[in-house]
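In what follows, chains carry the letters A, B, and so on, assigned in the order in which the sequence lines appear, proteins first and then strands, with residues in each chain numbered from 1.
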Protein chains: 2
Amino acid sequence: MTTKSDGAGAPIGYDPSQFPAFAVTVDIVILTMSDGALHMLLVRRGEAPFKGMWAIPGGFKRPNETLHEAARRELAEETGVDVPTLLTQFGAYGDPGRDPRINVVTVAYLAVLRDVGTIVAGTDAADALLVPVGDVRSEKLDLAFDHLQIVRDAVDRARVELEVTGIATAFVGPTFTLAELRAVYEATWGVELDAANFRRSVVAEDGWVIPTGRRTQPGPAGGRPAELYRAGRAWKHGGPIHRLPRTTERN
Amino acid sequence: MTTKSDGAGAPIGYDPSQFPAFAVTVDIVILTMSDGALHMLLVRRGEAPFKGMWAIPGGFKRPNETLHEAARRELAEETGVDVPTLLTQFGAYGDPGRDPRINVVTVAYLAVLRDVGTIVAGTDAADALLVPVGDVRSEKLDLAFDHLQIVRDAVDRARVELEVTGIATAFVGPTFTLAELRAVYEATWGVELDAANFRRSVVAEDGWVIPTGRRTQPGPAGGRPAELYRAGRAWKHGGPIHRLPRTTERN
DNA sequence: ATGGTTCTGGTCGAAAAGACAAGAACTATT
DNA sequence: AATAGTTCTTGTCTTTTCGACCAGAACCAT
């Protein structure tokens, strides 16, 4: 049994055989926009348990690295992408039996990326797949372990982050139209926003987006060419809150 | 080394000797209001390392319990308090060397409680102390391990929760005045709010607080007796956002 | 030219935020 | 008892923001 003699936060007078041993892993949920819908990256498991099922990329934490470094390393190893700052830790999962063989506690990270092509480049493409998040959340796609719960939490967190910080610009390219940016909000929230009001709300926030002066080519259906913007400073936690305009009934 | 052959989220074909072993602990930051200021509960370490220093209560996770259960159990063991729903996980910490002896990954929880008397009752009072959070954050009080960082993150999280959910009512008693509730916001945010506007903002939010019809005894300085309220439904994550009124320049 | 589509800017009413004044209900002091 | 000081509550006013909707601008297709 554990020593609870002094009530301190960490074990006292322990030796390595006195506490239950756990494996610690990190899992990374990669979100990205594709075809106007929110997608995420999955990998297929090649061995038991859950052989053949889809899972979130991840792996063991090593003793000589931080959790954040482990997540960054695993992501780089499996996808070839280096995302130093965009990794956000959003939860730890340690239910007994979540891995049928050993005791595993996993720490989950969230990354929002814009370019899908460079993501799958570094890994075996046959084992990696970009799927709509909606298919995962609606259980049209079964995930290994408790990864469904992890994905749900990841999307919830992404919504909050989207509202509080400025990571929405991480979803789009280095230069983007406000319609693309609006699509990110609409896809993650499942709502429809007024284009005019969204524009004002975004532009009014000082330094959020910076106009480049250039314009896009209109789509095949025509339409007025949209102005191109680039991302301003991306706010960290604790920055001012950016509320996105709500939409109400319309007639 | 770890197998990264298939790029799946958890180890494949492993056996218990194939992955680095970690101890997993849970730490609980207990926040409460006392004398109009935000306080937190600390325990004193009786043995090395960090002997004699203050630390957050916590302890080992067991293999047959969830992280949440572990936090709840450790909190009950050390403080005699049972808080089934108010425990919020807010971070995992696993930097190498954060415990000088073994590899420890800790999962941190946040609890906001109202009644201090019942908290310290269940434990050895000599080892437990309620201190102002300000003293910890300003490093007037040294904490063991990386607990200072954990406390800082806890308060940051509490502020967000306060703004997004209705847990502010968890800080105050079962029945409270709006001035007490306002003090919670002012203490955690370090701002001053207009009493009249705060009242409206809180009462307008439907079901947030419920008037009891009774009144308080005025303080020694007199003053009009305040109406007593009790907490309405406490909103969970995903509920409507309650913005607290901002205060601007005054002259 | 004409109609359809998409982005941009303008306006207008409703709602909310914030400042401030005034009243209400108490205690303490003279 | 009258008065002053304190604290909570209510009222009102101005300013800002939100959300809806319309009209124009700039493109495509036929």
Legend entry - Non-hydrogen atoms of B:His68 and B:Tyr109 that approach each other most closely: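 The pair with the smallest heavy-atom distance is N-OH, 3.3 Å.
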Legend entry - Those residues that, when tested against B:Asp135, pass salt bridge (Lys or Arg N to Asp or Glu O under 4.0 Å) (two or more places apart):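 B:Asp135 satisfies salt bridge (Lys or Arg N to Asp or Glu O under 4.0 Å) with B:Lys140 only.
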Inset, instruction - Examine the side chains of B:Tyr93 and B:Asp153 and answer whether a donor and an acceptor come within less than 3.5 Å of each other. - result: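 A donor-acceptor contact under 3.5 Å links the two side chains.
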Inset, instruction - For B:Gln217, check side chain to side chain contact (heavy atoms under 4.5 Å, CB included) against everything at least two apart and list the hits. - result: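 B:Gln217: no side chain to side chain contact (heavy atoms under 4.5 Å, CB included) contacts found.
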Inset, instruction - For A:Asp142, enumerate each residue passing the side chain to side chain contact (heavy atoms under 4.5 Å, CB included) test, keeping only those at least two apart in sequence or located in another chain. - result: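 Side chain to side chain contact (heavy atoms under 4.5 Å, CB included) list for A:Asp142, sorted by chain: A:Met53.
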Legend entry - All pairs passing salt bridge (Lys or Arg N to Asp or Glu O under 4.0 Å) where residues 217-230 of chain B contributes a residue, at least two apart: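 Checked against salt bridge (Lys or Arg N to Asp or Glu O under 4.0 Å) - neighbours excluded - no pair reaches residues 217-230 of chain B.
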Give the rounded distance in Å between these two atoms: [atom1] of [X] and [atom2] of [N].
X: A:Glu192; N: D:dC21; atom1: CD; atom2: P; result: 12 Å
X: A:Gln217; N: D:dC27; atom1: CD; atom2: C1'; result: 11 Å
X: B:Leu193; N: C:dG18; atom1: CG; atom2: P; result: 9 Å
X: B:Arg214; N: C:dC26; atom1: CZ; atom2: P; result: 16 Å

Inset, instruction - Taking the side chain as every heavy atom from C-beta outward, state whether A:Met33 and A:Leu38 have any atom pair closer than 4.5 Å. - result: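 The answer is yes; the side chains approach within 4.5 Å.
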Inset, instruction - For residues B:Trp54 and B:Val136, determine if any side-chain heavy atom of one lies less than 4.5 Å from a side-chain heavy atom of the other. - result: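 No, side chains not in contact.
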Could you list, one pair per line, each protein nitrogen or oxygen that sits under 3.5 Å from a nitrogen or oxygen of nucleotides 9-13 of chain D, together with the distance?
{"residue": "D:dT9", "atom": "OP1", "partner": "B:Arg199", "partner atom": "NH2", "Å": "3.2"}
{"residue": "D:dT9", "atom": "OP1", "partner": "B:Glu227", "partner atom": "N", "Å": "2.5"}
{"residue": "D:dT9", "atom": "OP2", "partner": "B:Arg199", "partner atom": "NH2", "Å": "2.3"}
{"residue": "D:dT9", "atom": "O5'", "partner": "B:Arg199", "partner atom": "NH2", "Å": "2.9"}
{"residue": "D:dT10", "atom": "OP2", "partner": "B:Arg199", "partner atom": "NH1", "Å": "3.4"}
{"residue": "D:dG11", "atom": "N7", "partner": "B:Arg200", "partner atom": "NH1", "Å": "3.4"}
{"residue": "D:dG11", "atom": "O6", "partner": "B:Arg200", "partner atom": "NH2", "Å": "3.1"}

When you compare the protein's N or O atoms with those of nucleotides 28-30 of chain D, which come within less than 3.5 Å of each other, and at what distance?
{"residue": "D:dC28", "atom": "O3'", "partner": "A:Pro220", "partner atom": "O", "Å": "3.4"}

